[in-house]
Structures are given as structure tokens and as C-alpha cells.
Amino acid sequence: MNRTHETVGRHAWVRRPRPSLPPELTADVAVEVAAAALADHPGATIEWLEVDGNGLFEAHLRGADGQTLVVHLDGDLRVVGWLAEVS
């Protein structure tokens with residue numbers, strides 16, 4: 001795994017590249033997943049997309065109010081639920 005070390009002031013961290021997308025999340029499907037998630041949460045922005053261990057699509061969003069959301073979509077790209085990060 002390729003790692004990049006970065007230093008800012010007295011702080012340093014390691015960045016790891018994101019793993020490649022699973023084959024079922026092609027560019028065309030990713031666009032549809034993002035559109036469906038954003039339709040359910042107007043004003044939000046997409047942070048990243050992935051497929052969970054159960055085969056559901058996950059859209060990680062930043063809500064219009066700044067809250068972090070994870071929207072779950074089924075294989076037909078219907079929103080089946082979502083979680084909000086509790087602060």
C-alpha cells in the first residue's frame with residue numbers, strides 16, 4: 001500500500017489511498033446512487049459512495065445543515081434508510 005507522509009507544523013499523519021470501487025459501483029451506477037440520495041436529502045453534498053457488506057449502496061453525505069449522513073439504497077436504487085451522525 002502506498003502511503004504519503006505529510007507534516008504540518010508539529011503534526012504529522014499518514015494518508016492512505018482509498019480502495020478502488022467495487023465492480024457493482026460503476027461510474028453510471030454511482031451517478032444514479034448519488035442522484036437518488038440527493039433527491040432524498042436536498043441541499044446535501046456527496047462525500048463518497050460505497051457498497052456495504054450486505055450489498056446495499058451507501059452514499060455518505062454532508063447535509064445542508066453540516067450534519068454527516070449515510071444514506072442506504074437497495075439494488076433498485078431506492079432509499080431504504082439513512083443514519084445521521086450524532087454529535
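Side-chain atoms are counted along with the backbone in the values below, which use heavy atoms only and exclude waters and symmetry mates. What you are looking at is a predicted structure, and each value in this text was computed from that prediction instead of being measured.
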**Q.** Listed partners of Asp52 passing side chain to side chain contact (heavy atoms under 4.5 Å, CB included), at least two apart
**A.**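 With neighbours one apart ignored, the set is Asn54, Leu56, Glu58, His72.
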Q.
Taking side chain to side chain contact (heavy atoms under 4.5 Å, CB included) as the definition, give me every residue that meets it alongside Ala84, ordered by chain and number, with sequence neighbours left out.
A.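 Testing Ala84 for side chain to side chain contact (heavy atoms under 4.5 Å, CB included), a comparison that skips the adjacent residues, returns Gln67, Leu69, Trp82.
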Q) Does the side chain of Val80 come within less than 4.5 Å of Leu73's, by heavy atoms? A)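 Answer no - side chains too far apart.
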Q | Shared-cluster residues of Val70, by chain and number - hydrophobic side chains joined below 4.5 Å | A |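 Cluster partners of Val70: none, it stands alone.
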Q: Give the minimum heavy-atom separation between Ala30 and Leu49, together with the two atoms involved.
A: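 Nearest heavy atoms, Ala30 then Leu49: O-CD1, 3.4 Å.
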**Q.** Verify same cluster id: Val71, Leu83 (apolar side-chain graph, 4.5 Å)
**A.**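 Different clusters.
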Using distance only, find each side-chain donor-acceptor pair of residues 32-46 under 3.5 Å and give its atom names and separation, not counting sequence neighbours.
none

Q) What pairs meet the salt bridge (Lys or Arg N to Asp or Glu O under 4.0 Å) rule with one or both residues in residues 64-75, with sequence neighbours excluded? A)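 Pairs touching residues 64-75 that pass the test: Asp74-Arg78.
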